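This one's a predicted model, so the numbers in the text were calculated from it and none came from an experiment. Residue numbers begin at 1 in each chain, while the letters A, B, ... track the order of the sequences.
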Amino acid sequence: MKNITLVQKELLTWYNKHGRHELPWRKTDDIYHIYLSEIMLQQTQVNRVRDEYYPQFLAKFPTLASLAETPLDDVLAAWSGLGYYSRARNLHKTAQLSQKSLPKTFKELLALPGIGQYTASAICSFGYEQNVPVVDTNIARVLKRYFALLHVKDKTVWEYAQKLLNHKEPRNHNLALMDLGSMVCLPKNPKCAECPLQANCQGKEEAELYTQKKKKEYESLELFYGILVQDDKIALTPARGNMYKNMLELPSVEPIEEDYLGSFKHAYTKYRLHVKLYKIYTCTEVVWVSIDELHKAPVSSLTKKALSTVLY
DNA sequence: CTCCGGTGTG
DNA sequence: CACACCGGAG
């Protein structure tokens with residue numbers, strides 16, 4: 001590739017002018033804050049993390065040590081509604097495994113639960129300012145288009161990221177690629193006219209060739225949950241399956257027509273859930289949760305949605 | 001109803 | 001390497 005230094009420079013110039021410098025986890029050098037932001041940002045939109053979960057979570061658990069000594073229930077309660085709850089379980093586990101602070105090497109970080117190749121690199125680059133490449137989906141899309149990498153393995157994309165890496169300013173370089181991917185080099189309808197790399201971009205003519213192609217086949221499921229309220233408390237029960245492990249949910253019931261209360265839809269991954277709610281009169285393995293304190297309970301959005309259809 | 005996105009497991 | 005895992009925004 002030619003003019004690599006020039007490309008790096010144009011990228012940084014664009015970043016200085018258009019980058020998302022105001023994101024709270026970019027204005028701190030607290031490695032715990034940076035780590036937390038990366039875990040939350042896995043599979044989750046920036047705005048929700050920035051405006052809601054990140055500030056609230058840090059207010060509740062200001063240090064890695066405070067997180068480590070908190071019961072898992074409370075961590076899951078703070079994560080409630082954010083989804084992908086294994087992230088919260090792994091976060092808690094990693095806090096307990098880390099003595100005082102997170103390790104400083106890529107290899108040690110990668111060994112911790114919930115930290116894969118991307119997150120280990122991101123912590124090394126954004127937190128420790130180490131001279132390492134970072135590749136998330138946004139950066140991968142930028143690199144694939146720019147270098148016209150069709151049908152390549154992830155390993156190849158990482159090699160291009162390494163080749164393009166700006167060793168003078170690796171952190172800002174990586175952040176620049178990331179912002180370019182999420183603001184300009186969009187999966188659909190990329191804004192090539194605004195792109196600082198457009199002149200030498202090898203993929204701009206057929207930009208859609210480099211985006212993920214996913215096949216979707218949905219599976220419909222009908223679920224029945226029981227509602228039991230006594231003294232302003234709702235009957236919940238420990239979640240059975242692996243998905244909402246360590247959380248609370250409504251008890252599953254057999255549908256009885258005369259006890260029908262209402263229904264709603266919910267969706268995740270390939271599943272399309274049709275949920276029906278029924279009055280019940282007893283509940284085994286019950287955990288009573290005060291309706292006023294539901295926000296302190298480890299429950300999913302599915303459970304919250306169910307409760308909001310029958311309470312108030 | 002479609003889109004978007006890392007890690008862990010088998 | 002395929003698949004499970006979430007939820008809100010558009």
Colleague: Using a cut-off of strictly less than 4.0 Å, decide whether A:Lys270 has a side-chain nitrogen or oxygen near OP1 or OP2 of C:dC3.
Modeller: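 No, because none of the side-chain N or O atoms of A:Lys270 sits under 4.0 Å from OP1 or OP2 of C:dC3.
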
Colleague: Rounded off to whole Å, could you give me the CD-to-P distance for the A:Gln42 and C:dA4 pair?
Modeller: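 Distance check: A:Gln42 CD to C:dA4 P gives 19 Å.
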
Colleague: With sequence neighbours excluded, what pairs up with A:Val253 under the side-chain contact (heavy atoms from CB on, under 4.5 Å) test?
Modeller: A:Phe224, A:Tyr278, A:Ile280

Colleague: Under 4.0 Å between a Lys/Arg side-chain N and an Asp/Glu carboxylate O for A:Glu217 and A:Lys270?
Modeller: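 Looking at A:Lys270 together with A:Glu217, the answer is no, because their closest N to O distance does not fall below 4.0 Å.
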
Colleague: Between C:dA4, C:dC5, C:dG7, which nucleotide has the shortest distance from any of its atoms to the side chain of A:Thr269?
Modeller: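 Among C:dA4, C:dC5, C:dG7, the one nearest the side chain of A:Thr269 is C:dC5.
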
Colleague: According to side chain to side chain donor-acceptor pair (under 3.5 Å), who are the partners of A:Lys104, at least two apart in sequence or on a separate chain?
Modeller: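 In terms of side chain to side chain donor-acceptor pair (under 3.5 Å), with neighbours along the sequence ignored, A:Lys104 is linked to no residue.
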
Colleague: Check the distance between B:dT7's P and A:Leu109's CG and give it to me in whole angstrom.
Modeller: 11 Å

Colleague: Can you tell me the distance, in whole Å, between the CG atom of A:Asn242 and the C1' atom of C:dA4?
Modeller: 10 Å

Colleague: Looking for any heavy atom pair under 4.0 Å, which part of the strands does A:Asp136 touch: base, sugar-phosphate only, or nothing?
Modeller: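 Contact class for A:Asp136: sugar-phosphate only.
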
Colleague: Kindly write out the residues that satisfy salt bridge (Lys or Arg N to Asp or Glu O under 4.0 Å) with A:Glu159, not counting sequence neighbours, or none if the list is empty.
Modeller: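 Once residues adjacent in sequence are excluded, the partners of A:Glu159 under the salt bridge (Lys or Arg N to Asp or Glu O under 4.0 Å) criterion are A:Lys155.
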
Colleague: Using 0.5 Å steps for rounding, measure from the CG atom of A:Leu228 to the OH atom of A:Tyr281.
Modeller: 10.0 Å

Colleague: To the nearest Å, how far apart are A:Leu36 CG and B:dG6 C1'?
Modeller: 15 Å

Colleague: Any N/O pairs under 3.5 Å between the protein and nucleotides 8-10 of chain C? List them or say none.
Modeller:
none

Colleague: How many whole angstroms separate atom CD of A:Glu217 from atom P of C:dA2?
Modeller: 13 Å

Colleague: Mind checking A:Ile115 for me? I need base, sugar-phosphate or nothing, with any heavy atom below 4.0 Å counting as a touch.
Modeller: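 Contact class for A:Ile115: sugar-phosphate only.
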
Colleague: Of all the choices, B:dT7, B:dT2, C:dC1, which nucleotide is nearest to the side chain of A:Lys153 once you look at every atom?
Modeller: C:dC1

Colleague: Checking A:Tyr225 now: which residues fulfil ring pair (Phe, Tyr, Trp, His ring centres under 6.0 Å) with it, not counting sequence neighbours?
Modeller: none

Colleague: Would you indicate, yes or no, if C:dA4 has its OP1 or OP2 atom less than 4.0 angstrom from a side-chain nitrogen or oxygen of A:Tyr268?
Modeller: no

Colleague: Who passes ring pair (Phe, Tyr, Trp, His ring centres under 6.0 Å) against A:Tyr218, sequence neighbours left out?
Modeller: none

Colleague: Determine the interplanar angle of the A:His266 and A:Phe264 rings, folded into 0 to 90°, and report it as parallel if under 30°, tilted if 30 to 60°, perpendicular if over 60°.
Modeller: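 Geometry flag for A:Phe264 against A:His266: perpendicular rings.
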
Colleague: Using heavy-atom distances to pick each residue's nearest nucleotide on DNA chain B, tell me which of A:Pro187 and A:Asn90 is more 5'.
Modeller: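 Result: A:Pro187.
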
Colleague: What contact category does A:Tyr84 fall into here, base, sugar-phosphate, or nothing, at under 4.0 angstrom with non-hydrogen atoms?
Modeller: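 Base, at least one base heavy atom under 4.0 Å.
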
Colleague: Grab the CZ-C1' distance between A:Arg272 and C:dG7 for me, whole Å please.
Modeller: 11 Å

Colleague: On DNA chain B, check which nucleotide each of A:Gly114 and A:Leu41 is closest to and give me the residue with the more 5' one.
Modeller: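 Closer to the 5' end of DNA chain B: A:Leu41.
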
Colleague: Nearest whole Å is fine: how far is B:dC4 P from A:Met40 CE?
Modeller: 24 Å

Colleague: With heavy atoms under 4.0 Å as the rule, sort A:Arg141 into base, sugar-phosphate or nothing.
Modeller: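 Result for A:Arg141 = sugar-phosphate.
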
Colleague: For a quick check of understanding: with a heavy-atom distance under 4.0 Å over all strands, which category does A:Gln117 fall into, base, sugar-phosphate or nothing?
Modeller: sugar-phosphate

Colleague: Do any side-chain nitrogens or oxygens of A:Thr137 fall under 4.0 Å of OP1 or OP2 in B:dC4?
Modeller: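 No, because none of the side-chain N or O atoms of A:Thr137 sits under 4.0 Å from OP1 or OP2 of B:dC4.
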
Colleague: Which is true for A:Asn47 with a 4.0 Å heavy-atom rule: it touches a base, it touches only sugar-phosphate, or it touches nothing?
Modeller: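 Nothing, no nucleic acid heavy atom in range.
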
Colleague: How close or far is atom P of C:dC1 from atom NE2 of A:His151, stated in whole angstroms?
Modeller: 14 Å

